[in-house]
Amino acid sequence: MQKVKIGITHGDINGVGYEVIFKAFADEEMLSLCTPVIYGSPKVATYHRKAIESQTNFALVSSAADARDGVLSMVNCFGDAELKIEYGKPSEEAGMAAYVALENAMKALTDGEIDVLVTAPINKRTIQNEDFSFPGHTEYIEHRVGEGNKALMLLMNEQMRVALVTTHLPLSEVAKHITQAAIEEKLQILHDTLKRDFAIDNPRIAVLSLNPHAGEDGFLGTEEQTQIIPAIESAFARGIRCFGPYAADGFFGSGNYARFDAVLAMYHDQGLAPLKALSMSDGVNYTAGLPVIRTSPDHGTAYDIAGKNVADESSFRKAIYAAIDIFRNRLRYDQAHAHPLRKQYYEKRDDSDKLKLNQTDDDATM
């Protein structure tokens, strides 16, 4: 099978982005799995490589089209520009450098020069500018290439997959965004993602409550009764196997998550705190629901350890693995469903005389 060409952004240059990239590709076996192309600065990369005494080499290419198998390549997005590196410090210059690399990689992705995108961590505040006014990668990529599709933030590790109804919102804003329509939309995206991107034919989804103890029949909050339960019932009626709502504390504490293919949490920390507590080093963030594939490690810039050669590259490596697997799963799924056979039976839910008449008329014209 042809190697997947992976575009990699360097993220915040004052963080651990280059360190985890170089550490991941220090293992030559990685180059047998994919053709990696970094979008960044060779000067900054060399500075980081020396700081951690890495022996990982890279080759400059003018575009991803020139990248060769078995080589870690880099597209220079900055020419001869000098970028100031200050380990562990957020800066506007580092934010702009992260944005420029991301824009170059996104253009390569939409032009078909790369197959998938893996992003190193950014600082969500310093990357803000006239062209980037989004809470994070997820919202930005949806805006750039969504084509009307809605993005779903999906975090995963070896033990579970957790998707979010709301993403980067202050906690005080969450409740008013927990609506039946929003939950149903996320359930549909998650259901389709599990089938197409993860090759799960009939996925089971657990839905968490918003309030403690699932609201205690309205005593501790009414969102379960007015929004969440109606959304679950409506989605289930449309063939999505979703169950709940489950109180988050007992659900994770009892290990109940192991019975499901994915969990839909209502807000960021509700889903991600237990996921990271159970496995911090190998989590992956996947932007589901879009025409393109983008993954990232589930940690941030890690300013506190930047430049100290102690960053764990496991999560970044798993992000690469996930991107490759999802790309191949999509190919298989799309090929299998490209020319579906005509139905030769009537479903119980729709065996009306009208349907039979329409099919008889269609057959007569064949």
Asks: Any Lys/Arg nitrogen of Glu86 or Lys84 sitting under 4.0 Å from an Asp/Glu carboxylate oxygen of the other?
Replies: yes
Asks: Are any side-chain N or O atoms of Glu139 and backbone N or O atoms of Gly136, one a donor and one an acceptor, separated by less than 3.5 Å?
Replies: yes
Asks: Using side-chain heavy atoms (C-beta onward) and a distance below 4.5 Å, is Leu72 in contact with Asn57?
Replies: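 Answer no - side chains too far apart.
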Asks: Which heavy atom of Pro245 sits nearest to which heavy atom of Ala214, and what is that distance?
Replies: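 Closest heavy-atom pair between Pro245 and Ala214: O-CB, 4.2 Å.
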Asks: Output, in order, the C-alpha distance, side-chain angles, deciding distance and verdict of side chain to side chain contact (heavy atoms under 4.5 Å, CB included) for Ile85 and His48.
Replies: CA-CA 9 Å; Ile85 302 169; His48 280 265; 4.2 Å; yes
Asks: Given 3.5 Å as the limit, does a donor-acceptor pair link the side chain of Glu313 with the main chain of Ala24, or not?
Replies: no
Asks: Strictly by ring-ring contact (aromatic ring centres under 6.0 Å, His included), give each pair with a member in residues 91-132 just once, sequence neighbours left out.
Replies: Phe132-Phe134, Phe132-Tyr140
Asks: Take Asp334 and Arg196 through the salt bridge (Lys or Arg N to Asp or Glu O under 4.0 Å) test and state the conclusion after the steps.
Replies: CA-CA 8 Å; Asp334 292 346; Arg196 185 184 182 209; 2.7 Å; yes
Asks: Taking all non-hydrogen atoms of both residues into account, name the closest pair between Pro291 and Gly146 and its distance.
Replies: CD-O, 3.9 Å
Asks: May I ask you to check whether Phe243 and Phe236 place their ring centres under 6.0 Å from each other?
Replies: yes
Asks: Do the charged groups of Glu103 and Arg144 touch, with an N to O distance under 4.0 Å?
Replies: yes
Asks: How close do Val37 and Ala64 get, counting heavy atoms only, and between which atoms?
Replies: CG2-CB, 4.2 Å
Asks: Determine whether Ile141 and Val292 satisfy the following criterion, side chain to side chain contact (heavy atoms under 4.5 Å, CB included), listing intermediate values before the conclusion.
Replies: CA-CA 9 Å; Ile141 296 172; Val292 301; 4.0 Å; yes
Asks: Would a 4.5 Å heavy-atom cut-off, applied to side chains only, mark Leu187 and Leu264 as touching?
Replies: yes
Asks: Can you see whether Tyr286 has Arg294 sitting over its ring - NZ or CZ less than 6.0 Å from the centre and within 45° of the normal?
Replies: no
Asks: Distance only, no hydrogens: is a donor on one side chain within 3.5 Å (strictly under) of an acceptor on the other, for Gln225 and Thr222?
Replies: no
Asks: Is the number of heavy atoms from other residues, nucleotides or ligands within 6.0 Å of CD (Gln55) greater than 12?
Replies: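 At most 12 heavy atoms, drawn from other residues, nucleotides or ligands, come within 6.0 Å of this atom.
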Asks: Write down the atom of Ile189, the atom of Gly289, and the distance for their closest heavy-atom approach.
Replies: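 Residues Ile189 and Gly289, closest heavy atoms: CG2-CA, 3.7 Å.
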Asks: Okay, side chain of Lys176, backbone of Ser172: is any donor-acceptor separation there less than 3.5 Å?
Replies: no
Asks: Would you find more than 12 non-hydrogen atoms of other residues, nucleotides or ligands less than 6.0 Å from Lys43 atom NZ?
Replies: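 Result for NZ/Lys43: enclosed.
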Asks: Can you tell me how far the CD1 atom of Ile293 sits from the CG atom of Asp115, to the nearest 0.5 Å?
Replies: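 Result: 8.5 Å between the selected atoms.
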Asks: Is the closest side-chain heavy-atom distance between Phe25 and Ile320 below 4.5 Å?
Replies: yes
Asks: Using a strict cut-off of less than 4.0 Å between a Lys/Arg side-chain nitrogen and an Asp/Glu carboxylate oxygen, indicate whether Lys150 and Glu185 qualify as a salt bridge.
Replies: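 Looking at Glu185 together with Lys150, the answer is no, because their closest N to O distance does not fall below 4.0 Å.
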Asks: Please round to the nearest 0.5 Å and tell me the distance separating atom CG of Asn14 and atom CG of Asn123.
Replies: 9.5 Å
Asks: Sequence neighbours excluded, which residues qualify as salt bridge (charged side-chain N to carboxylate O under 4.0 Å, His left out) partners of Lys89?
Replies: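 Per chain and number, Lys89 pairs via salt bridge (charged side-chain N to carboxylate O under 4.0 Å, His left out) with no residue.
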Asks: Stepwise, does the side chain to side chain contact (heavy atoms under 4.5 Å, CB included) test hold for Phe252 with Asn256?
Replies: CA-CA 6 Å; Phe252 288 106; Asn256 204 13; over 6 Å; no
Asks: Could you give me the CA-CA distance, side-chain angles and deciding distance for Leu275 and Arg161, then say whether side chain to side chain contact (heavy atoms under 4.5 Å, CB included) is met?
Replies: CA-CA 8 Å; Leu275 181 141; Arg161 302 179 187 91; over 6 Å; no
Asks: Rounded to the nearest 0.5 Å, what separates atom CD in Gln227 from atom CG in Leu210?
Replies: 10.5 Å
Asks: Are Ile6 and Thr35 side-chain neighbours, meaning at least one heavy-atom pair lies under 4.5 Å?
Replies: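 No, every pair of side-chain atoms sits at 4.5 Å or beyond.
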Asks: Within this structure, what is the OG1-NZ distance for the pair Thr126 and Lys124, rounded to the nearest 0.5 Å?
Replies: 10.5 Å
Asks: I need the Gln188 CD to Thr193 OG1 distance, nearest 0.5 Å.
Replies: 10.0 Å
Asks: Start with the C-alpha gap between Asn211 and Ser209, add the side-chain angles, then the distance that decides, and say whether side chain to side chain donor-acceptor pair (under 3.5 Å) holds.
Replies: CA-CA 6 Å; Asn211 298 298; Ser209 63; over 6 Å; no
Asks: Looking at Phe58, Phe316, Phe22, Phe78, which one forms a ring-ring contact (aromatic ring centres under 6.0 Å, His included) with His10?
Replies: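 Single pass found, and it is Phe78.
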Asks: Measure across Glu142 and Asn149 and return the closest heavy-atom pair with its distance rounded to 0.1 Å.
Replies: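 Minimum heavy-atom separation between Glu142 and Asn149: CG-O, 3.7 Å.
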Asks: Same cluster for Leu220 and Leu171 if Ile/Leu/Val/Met/Phe/Trp/Tyr side chains link at under 4.5 Å?
Replies: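 The answer is no; the residues belong to distinct hydrophobic clusters.
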Asks: Any carboxylate oxygen within less than 4.0 angstrom of a Lys/Arg side-chain nitrogen, looking at Glu184 and Arg238?
Replies: yes
Asks: Any Lys/Arg nitrogen of Asp197 or Arg330 sitting under 4.0 Å from an Asp/Glu carboxylate oxygen of the other?
Replies: yes
Asks: Can you see which heavy atom on Thr56 is nearest to which on Arg49, and at what distance?
Replies: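 Looks like O-CD, 2.8 Å.
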Asks: Treat each ILVMFWY residue as a node, draw an edge where side-chain heavy atoms are under 4.5 Å apart, and state whether Ile232 and Ile178 are in one component.
Replies: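 Same cluster.
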Asks: Is there a path from Tyr303 to Val16 through hydrophobic residues (I, L, V, M, F, W, Y) whose side chains come within less than 4.5 Å of each other?
Replies: no
Asks: More than 12 non-hydrogen atoms from neighbouring residues, nucleotides or ligands closer than 6.0 Å to CD on Glu92, yes or no?
Replies: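 No, not enclosed.
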Asks: Just checking, any donor-acceptor pair under 3.5 angstrom between side chains of Gln180 and Ser234?
Replies: no
Asks: Hey, could you give me the CD1/OG1 distance between Ile38 and Thr9, rounded to the nearest 0.5 Å?
Replies: 10.0 Å
Asks: For Lys318, is there an ion pair with Glu158 - N to carboxylate O distance below 4.0 angstrom?
Replies: yes
Asks: If hydrophobic clusters are built from ILVMFWY residues whose side chains come within less than 4.5 Å, do Leu272 and Leu208 share one?
Replies: yes
Asks: Determine whether Asp282 and Ser315 make a side-chain contact, defined as any pair of heavy atoms from C-beta on separated by less than 4.5 Å.
Replies: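 They are not in contact (no side-chain heavy atoms under 4.5 Å apart), so the answer is no.
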Asks: Quick one: do Tyr246 and Phe260 satisfy ring pair (Phe, Tyr, Trp, His ring centres under 6.0 Å)? Show the steps, please.
Replies: CA-CA 12 Å; Tyr246 298 99; Phe260 297 91; 5.7 Å; yes
Asks: Going by an N to O cut-off under 4.0 Å, is there a salt bridge joining Lys50 and Glu53?
Replies: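 Here Lys50 does not pair with Glu53 in a salt bridge, since their nearest N and O are not under 4.0 Å apart.
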Asks: Does Leu154 reach the side chain of Leu190, with side-chain heavy atoms less than 4.5 Å apart?
Replies: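 In contact.
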Asks: Mind checking whether Thr138 and Leu152 have side chains closer than 4.5 Å, heavy atoms only?
Replies: no
Asks: For residues 159-181, which residue pairs qualify under ring-ring contact (aromatic ring centres under 6.0 Å, His included), counting only residues two or more places apart or in two chains?
Replies: His168-His268
Asks: Is there a path of hydrophobic side-chain contacts, each under 4.5 Å between heavy atoms, that joins Val75 and Leu83?
Replies: yes
Asks: State, with a plain yes or no, whether a side-chain heavy atom of Thr46 is found less than 4.5 Å away from one of Tyr18.
Replies: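 When only atoms from C-beta onward are counted, Tyr18 and Thr46 do not touch, as no gap falls below 4.5 Å.
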